[in-house]
Each structure stands twice: as structure tokens, then as C-alpha cells.
Amino acid sequence: MSSSTSPLFQPVVVAGHALPHRVALAPMTRARSTQPGDAANAMMAQYYAQRASAALIVTEASQISPQGKGYSFTPGIYSTEQVVGWRLVTDAVHAKGGRIFVQLWHVGRMSHPDFHDGALPVAPSAIPFDGQIWKVNATTGVGEMVQCPTPRELSVDEIRAIVNDFRRAARNAMDAGFDGVEIHGANGYLVDQFLRTTSNTRTDEYGGSRANRLRFLREVVDAVSEEIGAERTAIRLAPFLTARGMACPDILPTILEAAEFLQARGVAYVHLVEADWDDAPEFTETFRESLRARFARPIVVAGNYDRAKAEWVLSKGYADVVAFGRPFVANPDFPRRLAEGLPLASFDGSTLFGGTDRGYLDYPAWSGAAASANETLDTETVEA
Ligand SMILES: Cc1cc2nc3c(=O)[nH]c(=O)nc-3n(C[C@H](O)[C@H](O)[C@H](O)COP(=O)(O)O)c2cc1C
């Protein structure tokens, strides 16, 4: 399919913004915030500005409070200093004509006491999960994957305070110049932990029935959209996730019920994680159809997409925008490369998390002539 007829390269309106095409940048943690203070900085501004040709940028996840943190060097969005840092990012992206949403994050149980002065991470229920987080060892200074302890169950008052942290973070996002926020409701973090029977065994109004497990999501979406408008409020969900102790037998109907609420609320978009890296089963078409029947507003999808699969999902009407993660790491001009069938550079996995501008700012845009019109995306992978 040529780029002039490909659904990937047709304009679309999302959250009141006219997107010139459908190739978005998926949120990717890169752990390069300024220390101490977890503030976004000029290096991050340059990184996102390099990728401003994306239809929409969703930033790396940004913790809404110190308690919401679960990895070293991730940026926050709760302090004045952090808002000032993010302003550098939004100004740089807007100066290049881009659009940018910040992803709002509370990790819940996926954290470690080292981030909380020795206190336990919090969760809907005191249930550990089988998974690890990335943390820099305070003694050696080297990053490592570490096991998380059994979390502490949140009280109802604490849950309400976290809803308010989301609200305040959304206000901060507006002060920092973002076009909107994406609530991180995917990948086994706090919102997701409330949704699933595997991580939520509460017997109060936040657990048990589907409506109760959805209460936290609804309260967060309501608080954020009251604060900044539903048209600036989006959410990311991971229906088929099974890793990280998330294999809940009731998750698909729960997410379909969430979709009805999100449609009624009029949110900017729903962002579906199909595969986080490679660890999710295939999305079924039945589920895509059921979701679309309940949610007519924009749907963004991400996870192991290539051009052919992206064109398929758009042409079926299952999605409106396709977000790409890993291809954008070493190809800051990925939309152009995809449109013109240019070769793709591959990234250095050792510089994904933390570090300097190496493996972050030094992947160049394509400088050669356009490839032949017949060349397709997957024909070649070159080292940057
Ligand atoms: C380095 C890296 C960091 C990521 N960080 C986040 C994150 O902060 N928030 C999130 O929702 N997903 C995160 N993801 C998942 C991506 O958004 C995306 O869903 C995933 O990479 C699959 O898309 P891809 O196959 O196009 O890379 C991350 C992925 C990678 C590779």
C-alpha cells in the first residue's frame, strides 16, 4: 500500500488536535531525570523534540507522588521543580509542531522500600507479585533488577489521597504545558492492581465485584477530567497482560465495563497495550470488536506493530492511531522512515535505562536519499 493511500498516513483528530498521520510515540521509560529531585531536564527536552514528528507523543511514565515511584531516575510530576523541567520538554516539542501527553503513574506494589525510606510499597491488598523492578544499587551505583517485597494494603483514606494526587498531577501537567495526560492503567501498576482479582482481594467498596474493582479507575478518571477536562484525559489499559501476577480471569469483562464508562465520560482516547515487550498473548478480534462496540472514541494500540499490522488494525476500524515504542528509540524520524520505506536503525539495549546522552540523543535522523518506493519497512535493519 502506498503512503498516499495507507490509513497510517491519513490525518485524524484526537483530543481536538489535527494529527497529520497515525504513527504515535508509545510511552517509554528512559530514566534520565535530574538527580536528586526526579526532574525532567534539557536532555529530555531534546530527546522528545527529536521525535516531534510523531502524530502524538506520550511521555515516559511520570510518578504522581514520591509514593508512586518504583524505578530509579524516573521523572515525577508533583514538585514545582519537576513542572519547570517538564515545561522545557513541552516547549521544545511544541516549537517543532508536535503534540505531547504526559503519562501519569503510580506503581503501587511494583516498588521497593529503598525508594520510600524503608517503608513498604502500597497496593490494594497485601499480595506480592512475581516480578522485578530496575533499581540502582546504592553501594555499587550499578543498575540491577530486584525482587519487590509483599506490599502494605492501602486504607480507604489513603486511596482517596492518591486519587487527589492524580488530580494534582493533572493540574501540574497543564501548568507544564502538556496537551493532555494519559493515566497509566496498564502493565500491572496501581490502577491495574485494583482491576484484577489476582491483586485485589479487598472486601470493602474497592474490591470484590467488578463495579468495586473499577471504582478506583473511575474515581481517578473523574478527578482528572474534572480538573483538566475529559478531552485532555486519556488512559492506557492492558487487557491481555498475564505477567506480573496479572492473570485475572475476569479482566476482559472488567475492561469492557471500563470502556462503557470511558465512552460516557468522553475521554480523549483509550490506549491499549497489546504486548509489553513480547509477553502478552495475541489480542482476539472478538475482544477488539466488543471494545469498539462500547467505545467509539479514539483508540490507540501499541505492541509489536509493523506497517502491515498497523494498516490492518486501522482499516478494520479497531484503532485510530498506532503507537510504536522500540522502533522510535534509534529512529527519531520513525514516521518518515515508515512512510518512505527507509532502513531502520537498531538500538543499544544497554543504554535504554539511565545514563547520559549516549544511546539517547545520538541516534540521527535519516540523512540519505529516500529509498526506492517499493522498499518496505522490514527489508533491512542497520546498526546506528
Ligand atoms: C524501554 C521501554 C520503556 C517502556 N516504558 C513504558 C512506560 O513508561 N509506560 C508504559 O505504559 N509502557 C512502557 N513501555 C511499553 C511501550 O509503551 C510499548 O507498549 C512496548 O514497547 C511495545 O511496543 P513496541 O513493540 O512498539 O516497542 C516501555 C517499553 C520500552 C521498550
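We count ligands from 1, going down the list as the structure has it; atoms in each ligand are counted the same way.
The same ILVMFWY cluster, assembled from side-chain heavy atoms under 4.5 Å apart, contains both V301 and Y318.
With ring centers used as reference points, F353 lies 6.0 Å or more from Y71. For an aromatic pair to be called close, the ring centres must be under 6.0 Å apart, and F101 with F178 fails this. In this structure, the ring of F283 has its center less than 6.0 angstrom from the ring center of F240.
If you number the atoms of ligand 1 from 1 as listed, the ones under 4.0 Å from a heavy atom of A61 come out as 8 (O). Shown in contact with Q103 at under 4.0 Å from a heavy atom are these atoms of ligand 1, numbered in order with element: 7 (C), 8 (O), 9 (N), 10 (C), 11 (O). Atoms of ligand 1 lying under 4.0 Å from at least one heavy atom of N304, given by number and element, are 23 (O), 24 (P), 25 (O). Atoms of ligand 1 found under 4.0 Å from any heavy atom of F353, numbered from 1 in the order shown, are 1 (C). Listed by atom number, the atoms of ligand 1 under 4.0 Å from N187 heavy atoms are 10 (C), 11 (O), 12 (N). Those atoms of ligand 1 with a heavy atom of A26 less than 4.0 angstrom away are 17 (O). For ligand 1, the atoms lying closer than 4.0 Å to a non-hydrogen atom of P327 are 26 (O). When each atom of ligand 1 is checked for a heavy atom of F324 under 4.0 Å away, the hits are 26 (O).
Between E274 and R288 there is a salt bridge, since at least one side-chain N of the basic residue sits less than 4.0 Å from a carboxylate O of the acidic one.
Taking only nitrogen or oxygen atoms, main chain and side chain alike, R30 does not reach within less than 3.5 Å of ligand 1. Polar contact check, R326 against ligand 1: a nitrogen or oxygen pair lies under 3.5 Å apart.
The side chain to side chain contact (heavy atoms under 4.5 Å, CB included) check on C148 picks up F129, I133, with sequence neighbours excluded. Remark: F261 pairs with no residue by the ring pair (Phe, Tyr, Trp, His ring centres under 6.0 Å) rule, at least two apart or across chains.
Side chain of S72 to main chain of V136: a donor-acceptor pair is present (N/O by atom type, distance under 3.5 Å, no hydrogens or angles).
Using a 4.5 Å heavy-atom cutoff, the side chains of R30 and Y360 are in contact.
The closest approach between any non-hydrogen atom of W105 and ligand 1 is not below 4.0 Å.
The side chain of H184, and not its backbone, has at least one atom closer than 4.0 Å to an atom of ligand 1 (non-hydrogen atoms only; side chain from C-beta on). At a heavy-atom cutoff of 4.0 Å, ligand 1 is contacted by no atom of V329, backbone or side chain.
Comparing P27, G349, A31, G325 against atom 17 (O) of ligand 1, the shortest heavy-atom distance belongs to P27.
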